[in-house]
Amino acid sequence: MTNKDLAEIMYPNVTKTIEDYEKMYPERDLAEGAIVSRFAPSPTGFVHMGSLLTAFIERKFPKDTNGVFYLRIEDTDQKRSVENGIQGIIDDLANFDITIDEGVVSENQEKGAYGPYIQTKRKEIYETFAKYLVENDYAYPCFCSADDIESIRTMQEKHKHRIGYYGKFAKCRNMSNEERIERIKNGEPYVLRIKSTGDFNKKITINDCVRGKIDYPENDIDHVLIKSDGIPVYHFAHVVDDHLMRTTHVMRGEEWFPSTPLHIELFKKFGFKVPKYAHLGLVMKIDEDGSRRKLSKRKDPEAAVSFYHEKGIPTEAVKLYLTTIANTNFEAWYDQNKDKTIDDFKLEFKKISASGTLFDLDKLINISKNYMSRLKAAEVYEGAVSWAEEFDKDFYDLLIKYKEYATEVFNVEREQKKPRKDFAMYSEIKQSVWYMFKELFDGSTYTEEVSADSMAIIKDYFANYYNEEDLKDEWYNKLKLIAEKYGYAKEVKEYKENPDNYKGHVGDICEMIRYAVTSLHQTPDLYEIERILGKEEINRRLSLLEAR
Ligand code: GLU
């Protein structure tokens, strides 16, 4: 009995050949240097920060090189699949502007000529490729039960052999085709294993785009390629899919690095060109005790992408942070090119940290603060409205009611060389500007005593000096006048030279007024605040202050 006979018995329904598929999925017609890469998650329903970074990098290279980015769903492991698990991933990616050129675009829709892009829909393809391996003696059916595998392992441990199903330990490797066929006909369950021809004592050089050249032992383990239920494992599906989908660069987590010799062996057995590999390090976090660990979905709220949405951290700021950790030179580049965007920056494999990245939420927040300080007031308004609509209905109503007014508030100390950096997320805006809205100001925040003398100054100022029409210089001159009238120095300098001659200086007058109109000691530009609040509202506040 030949291998062909065996292959026929194992895969009687296969009608196509690898050549047929090669024709169906031809080489892509792309310019030299164009990168084709993919994001290939299990349908777990969501993306976490680590995989978002991977997806971001996988999307960015094709964008930089006029290539193709596609989404493939790897649903061969039922344990990692959840119901409607695809849509959540698509939504998370969309929220971070990770657009899909090709592949799965919704729970039951895909686009592109290289599909199906969901692995469980590719059974016929996998079987065709498996049949080829069997025909060529590159793979064989293995009938070992879990107990058989366990006893091989126990024996290997006892005799201090390397653990695994390989060489002389691979019981089914040299079985005759007669016996194989007989057992298959008897309905015995079996898996398909690669018949590895690698030599563990020889090294293969893996040329990783991120890590450089690394020598690694060849694979000699007869790994399972297809499980007894006919579902392929990652190793096999990866080789078939990334070949047929014409992936040029496989970017994936470093946990796959040790399996790369097996993947290369499979590519070679098929006679396919091996794609380029880029193994990305883990996203880590430093614990309070200084130790490093993997950013964890369970322990770290910031690992969930929903965190950013709920806090109202702008997507663009998260993307800036992702680019910062993706490429070590981005931060300096962006500092020098503030008017440019991430699209103007080209990612480089060599600038990806091979040892993984530290996730630093404080840094992300700082980036967001800078980013938000550079937005136009109208953009802040839009962002605040869409955040508040979902998370703070009262504030949303206020923003809608006072569109122009709120935009003016957001504009205070914004259009200037060093704009204010009051907030890093939309959820912080209300607590930063609440006192500018009369609905939120009921006088209960006046908790400090204001002396009768101060009250007299404040009242005199608003009754007889303050004029809404005043330009800033005039406004300030009036403060000086009133300072002088009540025995305060017009300049801080004068006061410092002769402190005994004065009750204080013009700055103290400002403070009294600031407190009277806002109940706060620290606010942005007082002139702007008075102007925006308007006389009527200021008078209401003075009455509240007096009535206490
Ligand atoms: N489904 C694999 C994972 O989630 C994908 C690895 C790859 O990108 O090849 O780890």
Side-chain angles (χ1 to χ4, degrees), residues 35-62 67-82 85-86 88-90 92-93 98 100-104 110 114-122 125-126 129 206 208-211 219 223-227 231-267 272-283 294-297 303 305 326 349 352 356:
I35 288 180
V36 179
S37 70
R38 78 296 185 279
F39 182 47
S42 299
T44 52
F46 64 92
V47 174
H48 63 83
M49 240 4 195
S51 46
L52 185 70
L53 175 65
T54 305
F56 176 76
I57 293 174
E58 287 166 339
R59 161 72 277 185
K60 179 76 172 126
F61 278 105
V68 177
F69 169 71
Y70 68 89
L71 175 64
R72 180 171 74 223
I73 297 296
E74 305 210 327
D75 58 347
T76 56
D77 183 354
Q78 290 304 321
K79 288 196 292 291
R80 298 190 64 200
S81 303
V82 300
I86 298 177
I89 290 174
I90 292 171
D92 280 348
L93 295 181
I98 299 181
I100 297 162
D101 296 327
E102 205 176 88
V104 181
E110 49 181 55
Y114 289 80
Y117 297 91
I118 298 185
Q119 287 183 329
T120 46
K121 298 197 171 147
R122 298 174 64 76
I125 301 177
Y126 298 133
F129 279 66
I206 302 170
D208 191 278
C209 300
V210 172
R211 305 163 149 224
N219 173 62
H223 283 281
V224 173
L225 301 180
I226 299 185
K227 291 178 283 185
I231 295 182
V233 301
Y234 170 78
H235 309 299
F236 182 65
H238 148 55
V239 171
V240 174
D241 294 350
D242 281 312
H243 173 70
L244 288 183
M245 296 177 187
R246 308 291 174 179
T247 307
T248 62
H249 289 65
V250 173
M251 306 175 203
R252 62 184 181 188
E254 65 178 6
E255 67 273 21
W256 294 111
F257 184 82
S259 314
T260 311
L262 164 65
H263 304 155
I264 293 176
E265 185 180 1
L266 274 170
F267 276 107
F272 299 152
K273 186 170 170 227
V274 182
K276 292 204 162 65
Y277 283 103
H279 287 96
L280 307 170
L282 288 177
V283 175
K294 195 176 160 187
L295 188 70
S296 141
K297 295 198 282 279
V305 298
F349 285 111
I352 295 178

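All ligand and atom numbering here is 1-based and tracks the order in the structure.
For ligand 1 and Met251, the ligand atoms under 4.0 Å from any heavy atom of the residue are 8 (O). Every atom of ligand 1 with a heavy atom of Arg38 under 4.0 Å away is listed here by number and element: 7 (C), 8 (O), 9 (O).
Contact annotation: Phe39 has no heavy atom less than 4.0 Å from any atom of ligand 1. The closest approach between Gly253 and ligand 1 stays at or above 4.0 Å for every heavy atom of the residue.
Annotation: ring-ring contact (aromatic ring centres under 6.0 Å, His included) contacts of Tyr117 (sequence neighbours excluded): Tyr70. Qualifying ring-ring contact (aromatic ring centres under 6.0 Å, His included) partners for Phe46, counting only residues two or more places apart in sequence or in other chains: none.
Closest protein heavy atom to atom 9 (O) of ligand 1: Tyr234 OH, 2.4 Å. Ranking the protein heavy atoms by distance from atom 10 (O) of ligand 1 puts Trp256 NE1, 3.1 Å first. Distance from atom 4 (O) of ligand 1 to its nearest protein heavy atom, with residue and atom name: Ala40 O, 3.7 Å.
Selection from Arg72, Glu74, His263, His279 by nearest heavy atom to atom 2 (C) of ligand 1 gives Glu74.
With a 4.5 Å cut-off on side-chain heavy atoms, Phe56 and Ile98 count as touching.
Aromatic rings from His249 and Phe349 are positioned such that their centres are separated by under 6.0 Å.
Checked by distance only, ligand 1 and Glu58 stay at 3.5 Å or farther apart across all their nitrogen or oxygen atoms.
Aromatic ring pairs are classed by plane angle as parallel below 30°, tilted from 30° to 60° and perpendicular above 60°; the pair Tyr126 and Phe236 is tilted. Ring pair His263/His235 is tilted by interplanar angle, where 30° to 60° counts as tilted.
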